[in-house]
Peer 1: 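Below you will find the structure I want to go over with you.
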4 protein chains.
Amino acid sequence: MGASAIPETARRGRPLSERTENAILGATAALLDEKGLSEITMEEIAATAGVGKASLYRRWPSKGTLAFDAFGARFLSRQPLVDTGSLRGDLTAALRAWLRTVHNTRTGRTLRGLIAEVQRDDALASAWNERFLTPVRARHRVMIERAVARGELPHDADSDLLLDLAYGPLYHRLLHGHLPLTVGFVDDVVAAVMAAGRAGDPAGAPRG
Amino acid sequence: MGASAIPETARRGRPLSERTENAILGATAALLDEKGLSEITMEEIAATAGVGKASLYRRWPSKGTLAFDAFGARFLSRQPLVDTGSLRGDLTAALRAWLRTVHNTRTGRTLRGLIAEVQRDDALASAWNERFLTPVRARHRVMIERAVARGELPHDADSDLLLDLAYGPLYHRLLHGHLPLTVGFVDDVVAAVMAAGRAGDPAGAPRG
Amino acid sequence: MGASAIPETARRGRPLSERTENAILGATAALLDEKGLSEITMEEIAATAGVGKASLYRRWPSKGTLAFDAFGARFLSRQPLVDTGSLRGDLTAALRAWLRTVHNTRTGRTLRGLIAEVQRDDALASAWNERFLTPVRARHRVMIERAVARGELPHDADSDLLLDLAYGPLYHRLLHGHLPLTVGFVDDVVAAVMAAGRAGDPAGAPRG
Amino acid sequence: MGASAIPETARRGRPLSERTENAILGATAALLDEKGLSEITMEEIAATAGVGKASLYRRWPSKGTLAFDAFGARFLSRQPLVDTGSLRGDLTAALRAWLRTVHNTRTGRTLRGLIAEVQRDDALASAWNERFLTPVRARHRVMIERAVARGELPHDADSDLLLDLAYGPLYHRLLHGHLPLTVGFVDDVVAAVMAAGRAGDPAGAPRG
DNA sequence: TCGTAACCGAGACGGTACGTCTGGTCTTTTT
DNA sequence: AAAAAGACCAGACGTACCGTCTCGGTTACGA
């Protein structure tokens with residue numbers, strides 16, 4: 001989304017300035033630390049970065065994509081993959097890390113704002129999927145694969161299902177706020193995922 | 001949110017017109033059938049309703065609250081509570097009804113737009129909780145209570161947890177769109193909730 | 001303009017309340033003492049008078065006519081007609097009284113506001129002429145007639161012209177503010193009118 | 001009032017477009033030819049000019065100042081200064097030109113509207129003085145100076161007074177409409193000014 | 001070493017929508 | 001039936017941002 005794509009041949013003309021790019025990303029991150037995405041304007045980002053608005057639009061097509069670039073790396077870096085030796089341990093570690101990252105934090109507010117933005121912008125939705133959800137899920141999927149290798153889960157365990165069972169309830173409370181996001185809740189969710197996994201290949205259950 | 005609050009004594013001056021209110025709600029609903037919430041403007045609603053803008057702001061403080069009033073009743077009416085005689089049957093019926101209501105429908109798009117709006121407006125978030133989430137969850141909780149009465153679930157089953165386990169994964173796919181919302185997925189989620197429920201008090205203890 | 005028109009027969013229903021009328025005129029006068037006519041709204045007048053807007057529009061068709069009624073009598077009462085025994089004395093007394101009334105006073109500001117209002121409302125312009133200009137000019141014309149009777153002016157002296165020669169320059173400076181309105185200026189204008197009057201029939205003929 | 005002020009150094013950013021400015025002034029002038037200033041809205045001017053509202057407010061702080069810029073030059077150009085060889089001739093030519101320009105013309109209606117506007121806006125009043133009244137009076141003052149040079153008026157003739165004696169009665173009738181603005185009236189006013197001028201230094205008359 | 005293409009910051013551009021305000025009218029209940 | 005209250009429709013107000021374009025100027029490649 002940001003500056004990428006190595007040109008086949010060196011492109012003519014003045015190249016995009018790395019300083020400008022960093023200034024924009026820095027200003028965006030700083031503003032996201034202060035307030036919600038919907039309260040930030042492109043003009044404000046440009047002014048804060050000491051940059052013309054055109055330099056924003058030259059790189060990112062919308063506020064959402066820019067915020068996503070300014071936000072994504074930091075978020076991903078806070079979702080480490082640890083190997084505790086058991087699926088329950090891995091899941092607990094992963095979901096608690098997610099909880100710490102988003103619960104009552106500026107990062108959580110930004111994440112909510114980005115998900116809101118995704119609902120109104122199909123292009124951003126694609127980017128969100130490819131650049132954020134896919135990698136984070138690939139990382140999480142490793143937990144499932146290790147559990148299969150250990151024999152904790154059957155060979156045909158549905159990793160997509162299990163991940164949605166784990167993260168779905170958490171995002172649900174994050175976005176709707178109907179009930180608190182607590183460590184206890186996270187542990188209950190982990191227990192439920194364990195139960196569902198042990199119950200055998202859920203995809204094999206009879207359905208209509 | 002809209003006209004409410006029974007006056008202690010008859011209020012002075014010209015009362016809010018029911019015709020005007022209905023015209024506004026009707027226009028909003030019609031526009032929500034055409035396009036997304038974020039593409040609709042208050043000016044457009046007023047013009048469609050043949051009403052002054054002030055008559056909108058006199059009743060609703062924001063577009064979100066208005067959309068919520070125009071949308072809520074319809075949505076709730078499409079989430080019937082049926083008694084099939086078993087928890088699995090009840091859950092399957094409820095989640096499939098939800099799926100039919102939101103999957104690739106205008107209602108689904110509107111629901112996504114409203115959830116996005118809720119992320120940026122605390123007042124709307126409260127209304128969303130009180131006027132939408134709380135009643136819909138109360139209705140769904142009946143399923144859990146019936147299962148407890150039947151002996152399908154232990155007495156201390158955590159209905160909040162079970163409902164989040166059921167609806168969380170569905171909303172997750174609705175909002176992120178990383179994987180399709182299918183009947184098969186719904187049935188898998190039901191199976192997982194059943195497994196989690198049978199496993200006893202999910203909040204705690206080791207299970208064999 | 002205001003409450004007038006004696007009913008042929010006693011009118012049916014509740015009569016227009018004199019209290020209401022006085023409250024409106026009082027509120028208007030009070031507001032005109034505070035600020036300019038263009039900064040006052042009908043809603044403000046109604047609120048200040050503790051009266052419904054309909055009670056304003058029932059009596060006066062526009063803000064200008066109302067202001068005119070609230071203002072007119074006071075202004076006229078401050079333009080006394082004195083008989084000093086000479087045209088120069090009469091004119092000096094009249095123009096100086098006008099100067100005292102309007103120079104750097106709230107009355108002057110209101111007068112300017114009303115004249116501005118008259119430019120954009122033909123109905124008000126008529127009222128202004130009939131109810132304000134005509135009576136005040138009739139009163140001033142007496143000065144000219146007395147001067148003719150004394151032999152200070154020829155029998156065919158054009159009183160309209162002489163009055164416009166006297167008041168025109170004063171209103172000019174009041175409305176344009178290009179030069180100060182001073183007693184010296186008033187006296188110079190009186191001298192000029194005297195000269196013009198003495199020169200014989202101003203409408204015509206060559207003079208030596 | 002509009003785009004002016006030569007920049008000390010080349011100004012940064014995109015300069016104000018002359019095309020836009022002309023479009024706005026043209027649209028304003030066209031609308032002023034159709035109807036009165038008070039019936040014209042900023043939105044209408046922007047739409048007619050094919051221009052955003054911000055481009056109006058970027059240049060002019062109010063409708064009055066804009067109308068003034070659109071109107072001023074045209075009006076001034078219709079008040080030529082001719083040298084007829086005598087004060088009476090010069091005055092007659094100037095006042096008759098004024099009469100032709102404003103009597104029952106769109107220009108006259110606009111002039112009345114602007115004078116009304118000036119009464120409610122101090123900033124506009126200043127502009128009106130500096131940019132309209134001062135130059136037009138400077139031009140007219142030449143008539144007086146030539147008359148002094150010819151010996152028609154004493155050396156200490158008060159040009160401000162004489163100009164107000166000449167134009168005051170005309171504006172008086174224009175704004176109040178109590179009596180018609182005719183050529184005969186103009187000639188009478190000229191005669192009066194001549195008489196006042198010949199009567200010697202009016203400023204020297206005794207006063208209290 | 002020059003030309004030129006694409007960048008740079010600044011800010012004006014045509015637009016849209018905002019939420020407020022006012023005008024003049026209409027609809028209540030109360031007097 | 002007029003009173004006070006206040007909602008009604010209509011639409012202008014001046015502001016804020018949008019995403020694009022224009023300006024004078026800079027940078028770095030390729031000829």
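In what follows, every chain begins at residue 1, and chains take the letters A, B, ... in the order their sequences are listed. Every heavy atom of this structure was used, including side-chain atoms; hydrogens, water molecules and symmetry mates were not.
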Peer 1: Any Lys/Arg nitrogen of B:Asp69 or B:Arg131 sitting under 4.0 Å from an Asp/Glu carboxylate oxygen of the other?
Peer 2: yes
Peer 1: Return the value, rounded to whole Å, for the distance between atom CD1 of A:Ile45 and atom P of F:dC17.
Peer 2: 12 Å
Peer 1: By nearest atom, which of the nucleotides E:dA17, F:dT15, E:dC13 is closest to the D:Leu16 side chain?
Peer 2: E:dC13
Peer 1: Do the side chain of A:Thr28 and the main chain of A:Ile24 share a donor and acceptor less than 3.5 angstrom apart?
Peer 2: yes
Peer 1: State which of E:dG9, F:dG19, F:dC9 makes the closest approach to the side chain of A:Thr20.
Peer 2: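 Comparing E:dG9, F:dG19, F:dC9 against the side chain of A:Thr20, the answer is E:dG9.
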Peer 1: Donor-acceptor check, side chain of A:Arg109 to backbone of B:Gln119, threshold 3.5 angstrom: yes or no?
Peer 2: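 Judged by distance alone, no pair lies under 3.5 Å.
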Peer 1: Whole-Å distance between F:dA4 C1' and C:Arg58 CZ?
Peer 2: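 In whole Å, F:dA4 C1' lies 9 Å from C:Arg58 CZ.
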Peer 1: Report the residue (D:Gly50 or B:Ser62) whose heavy-atom-nearest nucleotide on DNA chain E is the more 5′ of the two.
Peer 2: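 First, find each residue's nearest nucleotide; the 5'-ward one identifies D:Gly50.
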Peer 1: A:Leu56 has an atom CG; how far is it from atom P of F:dT20, in whole Å?
Peer 2: 12 Å
Peer 1: Separation of C:Tyr57 atom OH from F:dA5 atom C1', in whole Å?
Peer 2: 16 Å
Peer 1: Identify, between B:Glu39 and A:Ser17, the residue whose nearest nucleotide on DNA chain E lies closer to the 5' end.
Peer 2: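 Nearest-nucleotide comparison on DNA chain E picks A:Ser17.
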Peer 1: How many whole angstroms separate atom CH2 of B:Trp60 from atom C1' of E:dC18?
Peer 2: 18 Å
Peer 1: Specify the residue among D:Thr41 and B:Glu18 whose closest nucleotide of DNA chain F lies further upstream toward the 5′ end.
Peer 2: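 The residue closer to the strand's 5' end, by nearest nucleotide, is B:Glu18.
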Peer 1: Look at the side-chain N and O atoms of D:Ser55 and state whether any lies under 4.0 Å from the OP1 or OP2 oxygen of E:dA12.
Peer 2: no
Peer 1: Check the orientation of B:Phe132 and B:Phe68. Use parallel for under 30°, tilted for 30 to 60°, and perpendicular for over 60°.
Peer 2: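 It falls in the perpendicular class, over 60°.
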Peer 1: When the distance from CG of B:Leu31 to P of E:dA17 is rounded to whole Å, what number comes out?
Peer 2: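 In whole Å, E:dA17 P and B:Leu31 CG are 12 Å from each other.
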Peer 1: Does A:Ala54 reach a base, just sugar-phosphate, or nothing at all? Heavy atoms under 4.0 Å.
Peer 2: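 Result for A:Ala54 = base.
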Peer 1: Under 4.0 Å between a Lys/Arg side-chain N and an Asp/Glu carboxylate O for A:Arg112 and A:Glu117?
Peer 2: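 No salt bridge links A:Arg112 with A:Glu117.
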Peer 1: Counting side-chain heavy atoms from CB outward, which of E:dG9, F:dG14, F:dG19 is closest to D:Lys53?
Peer 2: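 Of the options given, the side chain of D:Lys53 lies nearest F:dG14.
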Peer 1: What's the CZ-C1' distance between D:Arg12 and E:dG9, to the nearest Å?
Peer 2: 6 Å
Peer 1: Pick the nucleotide of DNA chain F nearest each of D:Arg14 and C:Glu43; which residue has the one closer to the 5' end?
Peer 2: C:Glu43
Peer 1: How long is the line joining CD1 of C:Ile40 and P of E:dG23, in whole Å?
Peer 2: 11 Å
